[in-house]
Amino acid sequence: MLTLAILGFLAERPTHAYELRRLLSDLIGHNRPVSDGALYPALNRLRQAGHLEREAEPGNSAPQRQRLRITPSGQAELLRRLSEPRESEITDGGAFYTLLAFLSQVPEPERRAAVLRRRLDFLTRPAGFFTRAGAPVRIADESDPYRKGMLLMARAAQRAERAWLEEALQELDLPRTP
């Protein structure tokens, strides 16, 4: 998730590491805080893999600042990750939202649609937080008010997401006009 977000933001524009950290925190920090201990090793791995590079910004009297820029290799890796997400990036809400934040960078509508269809397929499978006798607990059968609340909120969120996915897929399937 962190690597995808780093590449996604750098594909939008070159940036300084401190600004990148703020962007990452805004996007994924509510799920998992973005610490320097996670960010800088990830940046180093991406640099060593040839997916990003540093460029010095000229300065007057202050030390030179380093700006990060995605490379063609990094752009290819980003498009691969967006077009062929792992199953966990489809099933985990936070990971999927990170993917969704950059999906418009995939140029082919059919590839974007394939990702959205995978998420929609996942959302149509029976699931729940709790099971009894190997089956998801239905809202009507849950007696604990807080667990029932969890199930009600999850159902509402799932319905809203499914409606949006179906609408987005209809738009992607429309014939393109020049």
Side-chain angles (χ1 to χ4, degrees), residues 1-16 19-34 39 42-43 46 49-52 67-129 135-140 148-178:
M1 190 163 67
L2 181 61
T3 297
L4 177 64
I6 290 169
L7 292 173
F9 281 123
L10 291 179
E12 291 175 353
R13 71 178 192 282
T15 189
H16 300 97
E19 182 184 1
L20 181 60
R21 183 174 183 222
R22 183 188 54 78
L23 292 168
L24 293 166
S25 291
D26 288 348
L27 179 64
I28 63 177
H30 62 281
N31 285 338
R32 298 177 184 110
V34 180
L39 176 60
L43 292 175
L46 288 168
H51 297 327
L52 66 88
R67 194 168 19 177
L68 303 168
R69 174 184 303 278
I70 195 168
T71 63
S73 167
Q75 186 69 35
E77 176 65 9
L78 172 64
L79 292 178
R80 184 194 68 74
R81 285 173 175 259
L82 290 170
S83 299
E84 303 165 12
R86 295 185 311 254
E87 187 65 15
S88 63
E89 292 169 323
I90 295 295
T91 60
D92 177 87
F96 181 72
Y97 280 15
T98 299
L99 184 137
L100 200 57
F102 303 106
L103 192 59
S104 64
Q105 294 186 35
V106 174
E108 303 89 356
E110 58 278 357
R111 290 174 75 187
R112 293 191 308 264
V115 171
L116 297 181
R117 279 190 193 92
R118 283 182 62 195
R119 178 68 177 182
L120 185 58
D121 289 344
F122 164 71
L123 292 175
T124 59
R125 294 182 220 150
F129 296 106
V137 173
R138 297 175 349 133
I139 293 171
K148 185 176 253 181
M150 288 174 64
L151 294 169
L152 286 166
M153 289 183 283
R155 180 176 66 186
Q158 184 185 57
R159 284 180 177 169
E161 186 176 351
R162 286 174 62 182
W164 179 83
L165 285 165
E166 289 168 358
E167 181 180 314
L169 284 166
Q170 283 180 346
E171 289 176 14
L172 286 170
D173 287 340
L174 290 176
R176 300 281 176 211
T177 56

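The residues of the chain are indexed from 1 along the displayed sequence.
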Minimal heavy-atom distance between F102 and F9, with the atoms involved, is CE2-N, 3.6 Å

Run the side-chain contact (heavy atoms from CB on, under 4.5 Å) check on I70 and I6 step by step: do they pass? CA-CA 9 Å; I70 195 168; I6 290 169; over 6 Å; no

Is any side-chain heavy atom of W164 closer than 4.5 Å to a side-chain heavy atom of L116?
yes

When every non-hydrogen atom of A95 is compared with those of S88, the smallest separation belongs to CB-O, 4.0 Å

*asked:* Quick check: do V115 and L82 have side-chain heavy atoms less than 4.5 Å from each other?
replied: no

Rounded to the nearest 0.5 Å, the NE2 atom of H51 sits from the CG atom of L78 at a distance of 10.5 Å

Please check if the side chain of T71 supplies one atom and the backbone of G50 the other of a donor-acceptor pair under 3.5 Å. yes

Sorted by chain and residue number, the side-chain hydrogen bond (donor to acceptor under 3.5 Å, both in side chains) partners of E87 (sequence neighbours excluded) come out as R118

Determine whether a donor-acceptor pair (N or O, by modelled atom type, separation under 3.5 Å) exists between the side chain of R112 and the backbone of V106. yes

Residues A11 and Q105: closest non-hydrogen pair is CB-OE1, 3.0 Å

For L2 and I28 the tightest heavy-atom approach is CD1-CD1, 4.1 Å

Correct closest heavy-atom pair for R80 and E77 would be NH2-OE2, 2.8 Å

R22/D26 salt bridge by N-O under 4.0 Å criterion: yes

*Are any of the side-chain heavy atoms of P107 and L79 separated by less than 4.5 Å?*
yes

Between T98 and the options L27, L103, L24, the side-chain contact (heavy atoms from CB on, under 4.5 Å) test singles out L27

- prompt: Is there a side-chain contact (heavy atoms from CB on, under 4.5 Å) between R81 and T3 once you walk through the steps?
  reply: CA-CA 10 Å; R81 285 173 175 259; T3 297; 3.7 Å; yes

In this structure, CG of L169 is separated from CZ of R119 (nearest 0.5 Å) by 13.0 Å

Rounding to 0.5 Å, atoms CG (L20) and CZ (R13) come to a distance of 9.5 Å

### Query
Does the pair R117/D173 count as a salt bridge with the N-to-O cut at 4.0 Å?
yes

